[in-house]
Engineer: 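One structure coming up, written as C-alpha cells, with questions to follow.
The figures here come from the full heavy-atom set of this structure, side chains too, leaving out hydrogens, waters and symmetry mates. Quantities reported herein were computed from a predicted structural model and do not represent experimental measurements.
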Amino acid sequence: MKKQALILFAHGARAASWAEPFLRLQKLTQESEPELKVELAFLELMQPQLPEVVKNLVDLSYESITITPIFLGQGGHLLRDLPLMVEEIRQQYPTLQIQQVAAAGEDAGVLQAIRDYCLRAVAVNP
C-alpha cells in the first residue's frame, strides 16, 4: 500500500494568528483520517512552504500526495503560481504521484456550508 499524504495549501499572511483556522482544519482532518498524513503548507509569507513540505514527505518515503488548496476561488495563485510549483516538484521527484484539486470554494458542499453559516448569522441577529 502506498504511503499517501494530503497537503492543505493556504495563501499565508503576515499575522501569525491568520494561520489558526488552517491549523485547526489540519488537526480535524488528521483526526478524521489517522492513517493519512495531513500537512499544511503556505504559498507565501508563512512557513512551511509547499516545496519544503513535499521534500519532507519524500524523505519519509511518501509516494502519493494530494494538494488541496484552501482558497475560495481559482484566482491567479491557483491558475498560475501553483501549477508552476507543482511542475517543478514533479521534475524534482519524477516518481512521486501528485494530484492537485480545485480550490475548496469550488466545491458545492463547501459553498453550502458557508451559506448555512451566513444564514445562521441572520437568525442570531434578526
Side-chain angles (χ1 to χ4, degrees):
M1 188 169 171
K2 290 183 182 178
K3 288 180 76 172
Q4 296 185 7
L6 172 65
I7 299 175
L8 307 177
F9 182 68
H11 186 279
R14 286 179 180 81
S17 62
W18 180 89
E20 288 304 316
F22 300 96
L23 292 166
R24 288 193 309 269
L25 178 61
Q26 177 190 13
K27 183 177 187 246
L28 286 168
T29 307
Q30 186 67 75
E31 289 171 350
S32 295
E33 294 291 333
E35 71 285 349
L36 179 68
K37 179 76 165 164
V38 180
E39 294 288 343
L40 179 60
F42 298 99
L43 173 68
E44 59 188 10
L45 304 173
M46 297 185 116
Q47 298 296 326
Q49 293 188 355
L50 185 61
E52 177 186 345
V53 171
V54 171
K55 180 191 181 312
N56 291 341
L57 291 169
V58 169
D59 288 348
L60 293 171
S61 301
Y62 281 85
E63 303 165 283
S64 176
I65 63 168
T66 299
I67 301 169
T68 306
I70 310 302
F71 286 61
L72 282 179
Q74 296 284 113
H77 287 311
L78 298 186
L79 294 173
R80 290 185 306 272
D81 301 335
L82 183 56
L84 289 173
M85 293 172 76
V86 169
E87 184 54 36
E88 288 176 8
I89 290 167
R90 282 191 172 111
Q91 289 177 14
Q92 189 170 2
Y93 307 105
T95 62
L96 181 64
Q97 293 180 349
I98 304 172
Q99 177 186 5
Q100 175 192 330
V101 299
E106 299 291 328
D107 180 82
V110 171
L111 291 178
Q112 289 171 356
I114 293 171
R115 175 208 61 200
D116 293 348
Y117 167 78
C118 294
L119 291 175
R120 282 193 313 272
V122 171
V124 170
N125 297 307

Engineer: Hey, mind stepping through Phe9 and Leu50 against side-chain contact (heavy atoms from CB on, under 4.5 Å) and telling me if it holds?
Structural biologist: CA-CA 8 Å; Phe9 182 68; Leu50 185 61; 4.0 Å; yes
Engineer: Between His11 and Trp18, what is the shortest heavy-atom contact and its length?
Structural biologist: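 Heavy atoms of His11 and Trp18 come nearest at N-CH2, 3.9 Å.
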Engineer: Would you say that Arg115 contacts Cys118 through its side chain, given a criterion of any heavy-atom pair below 4.5 Å between the two side chains?
Structural biologist: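 Contact flag for Arg115/Cys118 side chains = no.
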Engineer: Is there a donor-acceptor pair under 3.5 Å between the side chain of Glu44 and the backbone N or O of Gly12?
Structural biologist: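 Judged by distance alone, no pair lies under 3.5 Å.
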Engineer: Restricting to non-hydrogen atoms, name the atom on Ser64 and the atom on Leu96 that form the minimum distance, rounded to 0.1 Å.
Structural biologist: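 Taking Ser64 first and Leu96 second, the nearest heavy atoms are N-CD1, 3.9 Å.
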Engineer: Enter the distance from Leu40:CG to Arg24:CZ here, rounded to the nearest 0.5 Å.
Structural biologist: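 Output value for this atom pair is 12.0 Å.
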Engineer: For Ala102 and Pro69, which heavy atoms make the closest approach, and how far apart are they?
Structural biologist: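 Result for this residue pair: O-CD, 3.7 Å.
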Engineer: Run the salt bridge (charged side-chain N to carboxylate O under 4.0 Å, His left out) test against Lys27 and tell me which residues pass, sequence neighbours left out.
Structural biologist: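 With sequence neighbours excluded, Lys27 shows a salt bridge (charged side-chain N to carboxylate O under 4.0 Å, His left out) to Glu31, given in chain and number order.
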Engineer: Do Phe42 and Ile70 land in one hydrophobic cluster if side-chain heavy atoms of ILVMFWY residues count as linked below 4.5 Å?
Structural biologist: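 Yes; tracing contacts between hydrophobic side chains, which count when under 4.5 Å, links both residues.
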Engineer: Name all residues meeting the side-chain contact (heavy atoms from CB on, under 4.5 Å) criterion together with Gln30; count only those two or more places apart in sequence or in a different chain, and write none if there are none.
Structural biologist: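 With sequence neighbours excluded, Gln30 shows a side-chain contact (heavy atoms from CB on, under 4.5 Å) to Val38, given in chain and number order.
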Engineer: Give me each pair satisfying salt bridge (charged side-chain N to carboxylate O under 4.0 Å, His left out) with a member in residues 68-82, each pair once, sequence neighbours excluded.
Structural biologist: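 For residues 68-82, and leaving out neighbouring residues, there are no salt bridge (charged side-chain N to carboxylate O under 4.0 Å, His left out) pairs at all.
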Engineer: I need the minimum non-hydrogen distance between Leu79 and Pro83, along with the two atoms involved.
Structural biologist: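 Of all heavy-atom pairs spanning Leu79 and Pro83, the closest is O-CG, 3.5 Å.
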Engineer: Is a side-chain N or O of Glu63 found less than 3.5 angstrom from the main chain of Lys3, in a donor-acceptor match?
Structural biologist: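 Checking the backbone N and O of Lys3 against the side chain of Glu63, a donor-acceptor pair under 3.5 Å is found.
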Engineer: For residues 53-62, dump all side-chain donor-acceptor pairs below 3.5 Å to protein atoms at least two apart in sequence or in another chain.
Structural biologist:
{"from": "Lys55", "atom 1": "NZ", "to": "Asp59", "atom 2": "OD2", "distance (Å)": "2.7"}
{"from": "Asn56", "atom 1": "ND2", "to": "Glu52", "atom 2": "O", "distance (Å)": "3.4"}

Engineer: Do you know the tightest heavy-atom contact between Leu78 and Gln100?
Structural biologist: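 Smallest interatomic distance, heavy atoms only, reads O-NE2, 4.1 Å.
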Engineer: Does Leu36 CG have over 12 foreign heavy atoms under 6.0 Å away?
Structural biologist: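 Buried by this count: over 12 neighbours within 6.0 Å.
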Engineer: Not counting sequence neighbours, list each pair that qualifies as a ring pair (Phe, Tyr, Trp, His ring centres under 6.0 Å) and has a residue in residues 80-118.
Structural biologist: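 Those involving residues 80-118 do not exist here.
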Engineer: Distance check, rounded to the nearest 0.5 Å: Glu39 atom CD versus Thr29 atom OG1?
Structural biologist: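 So the CD of Glu39 and the OG1 of Thr29 are separated by 12.0 Å.
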Engineer: About how many Å separate CG of Leu111 and CG of Asp116, when rounded to the nearest 0.5 Å?
Structural biologist: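 Between atom CG of Asp116 and atom CG of Leu111 there are 11.0 Å.
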Engineer: Going hydrophobic residue to hydrophobic residue with side-chain gaps under 4.5 angstrom, can you get from Ile65 over to Leu43?
Structural biologist: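 Linked within one cluster.
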Engineer: If the test is side-chain contact (heavy atoms from CB on, under 4.5 Å), which one of Thr66, Leu6, Ile67 qualifies with Val101?
Structural biologist: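 With Val101 as partner, Thr66, Leu6, Ile67 yield a single side-chain contact (heavy atoms from CB on, under 4.5 Å), made by Thr66.
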Engineer: Sequence neighbours left out, what passes side-chain contact (heavy atoms from CB on, under 4.5 Å) with Pro51? Give chain and number order.
Structural biologist: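 For Pro51 the side-chain contact (heavy atoms from CB on, under 4.5 Å) partners, ignoring immediate neighbours, are Gln49, Met85.
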Engineer: Roughly how far apart are Leu82 CG and Ile89 CD1, rounded to 0.5 Å?
Structural biologist: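 Reported to 0.5 Å precision, the distance equals 8.0 Å.
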Engineer: Indicate the ring-plane relationship of His77 and Phe71, choosing parallel, tilted or perpendicular according to the 30° and 60° boundaries.
Structural biologist: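 Plane angle over 60°, so perpendicular.
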